[in-house]
Amino acid sequence: MPFSDELKNATFPEGFAWGAATAAYQVEGGWNVDGKGPSIWDTFTHQKGKIFQDQTGDRACNSYELWEEDLKCIKQLGLSHYRLSFSWSRLLPEGTACNINKKGVAYYDRIINDLLTNKVTPMVTLNHFDLPQALEDKGGWKNEQIVDIFDEYAKFCFQTFGDRVKLWLTLNEPHVSANLGYEEGIFPPGLKEPGMSVYQVGHNMIKSHAKAWHSYNTIFRQEQKGLVSLALNSDWAEPFDPSSQDDINATDRYMAFMLGWFANPIFVDGDYPAIMKSQIKARSEKQGFVSSRLPEFTKEEQNMIKGSADFFALNYYTSRKVKYSKSPLKMQSFKTDKEAEGIIDPSWPVPGVAWLAVVPWGLRKLLEYIKKTCNDPKIYITENGFSLMGPASLEDNQRCQFYRETLQEILIAIHQDGVDVRGYFAWSLLDNFEWACGYSVRFGLFQVDFENPEFPRTMYKSGKEYATIISCNGFVNKKAT
Ligand code: GAL
């Protein structure tokens with residue numbers, strides 16, 4: 001997409017949030033110190049054969065001890081916002097407020113206070129994949145009791161930190177944790193239970209989010225005046241053959257199963273997308289199930305879920321061309337229910353991991369789609385980034401170009417398409433533990449030397465590039481002209 005002449009001088013709106021993001025398990029380390037309880041990621045990574053070279057987040061970037069170094073990175077970039085996540089089991093080692101770990105509270109108090117002292121606004125994710133193991137032992141996200149347990153945790157956090165934290169995300173990417181954790185088995189709890197628990201887990205996640213939002217709304221909002229949402233990931237998808245009705249329908253299903261699964265209930269009408277419901281119901285019936293494998297919300301639940309977000313938080317990484325793929329009936333799974341196959345166009349560069357084709361213009365299209373289908377919400381892009389296979393060179397020119405092109409697409413979305421984009425968080429502040437890929441994949445604006453016991457952070461060229469864009473609030477240095 002060309003960056004037109006009229007937009008050459010355009011800037012981001014005043015007060016635009018310039019951020020970078022991390023997640024507790026990926027950066028903190030200190031997995032068993034100062035009273036922290038284990039999370040499902042601790043358990044999972046300690047098993048052999050789950051993660052690239054059996055790497056773990058036991059030490060990660062050691063941000064538990066090196067927070068001050070991270071703060072220096074944040075200041076060097078000139079960020080106005082920083083997105084971090086709380087480790088639930090660092091705060092509540094058993095997952096419930098029966099046991100509160102004071103040292104965990106002190107750690108996050110310090111981070112929040114340091115950010116505010118430095119005029120950086122925190123955005124906090126309550127749970128970024130790392131469910132306390134003690135809760136997994138009681139059935140985790142599959143057990144409906146999680147809805148009340150999550151609400152208790154959320155209220156504890158609002159109560160403890162909400163005087164200072166004004167931007168909250170309940171969950172990160174429920175689509176990813178449900179799909180990879182319960183169907184593909186490559187994230188904890190590592191289950192491969194195709195076609196069933198993935199939907200049950202998604203269902204409980206939606207209700208957990210909505211209940212916590214209502215708690216904020218009724219108990220804390222008036223006093224604390226913050227905003228609460230959840231981070232949803234989505235690809236942008238286009239039909240492989242635009243003249244094929246099958247591919248067009250498959251593309252609609254692809255978007256419905258990825259974004260609509262969570263966005264439709266919360267931002268539209270309290271229920272799953274119609275095409276998702278009808279597709280799973282029809283396939284379930286033919287497979288001999290007495291009811292759909294996709295659970296139903298009661299009317300009361302629908303009313304609770306609808307509208308339970310104060311802004312849209314989007315994680316965008318890549319795009320797909322979608323082909324219709326007829327699935328054999330005997331195969332019950334999330335993947336086959338979709339009957340849609342996402343393909344990477346050969347013209348799209350794939351510099352890092354295989355799934356991550358780089359398609360900056362897909363973000364503009366996705367933003368417009370969210371504007372149209374989700375009632376024109378305020379949008380924060382809470383993750384977006386570019387992976388390199390590690391260790392990566394400090395001269396990461398491709399990543400520089402990626403950030404430039406992506407931010408230009410966002411400017412176009414704001415100025416030409418009228419999308420209400422309020423902020424952008426680069427993934428990630430630091431190279432970190434990239435889940436199943438361990439440390440083999442690097443997303444940071446700062447390089448971390450994991451071989452050196454001091455874990456030194458060094459700014460990549462892309463960090464400098466991002467800092468320059470931030471200081472200009474766009475691409476033109478108005479101060480110099
Ligand atoms: C997201 C996730 C992040 C990060 C990123 C890059 O799915 O929220 O934690 O790992 O992907 O793969």
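Note that ligands are numbered from 1 as they come in the structure, with each ligand's atoms numbered from 1 the same way.
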Distance alone, cut at 3.5 Å: any donor-acceptor contact between the side chains of Ser333 and Glu183? yes

Hydrogens and angles aside, do Tyr25 and Thr45 bring a side-chain donor and acceptor to less than 3.5 Å of each other? yes

Would you check ligand 1 and list the protein residues that come within less than 4.0 Å of it by any heavy atom, ordered by chain and number? Gln26, His128, Asn172, Glu173, Tyr317, Trp355, Glu383, Trp427, Glu434, Trp435, Phe443

Does Lys36 form a salt bridge (Lys or Arg N to Asp or Glu O under 4.0 Å) with Asp42? I'd like the steps, not just the answer. CA-CA 11 Å; Lys36 177 181 169 293; Asp42 294 312; 2.8 Å; yes

Would you name the heavy atoms of Lys371 and Pro377 that are closest together and state the gap between them? CA-CD, 4.2 Å

Can you list the steps and then say if Cys61 with Glu28 is a side chain to side chain contact (heavy atoms under 4.5 Å, CB included)? CA-CA 6 Å; Cys61 308; Glu28 283 180 6; over 6 Å; no

Can a side-chain donor-acceptor contact be found between Asp235 and Tyr254 if the only test is distance below 3.5 angstrom? yes

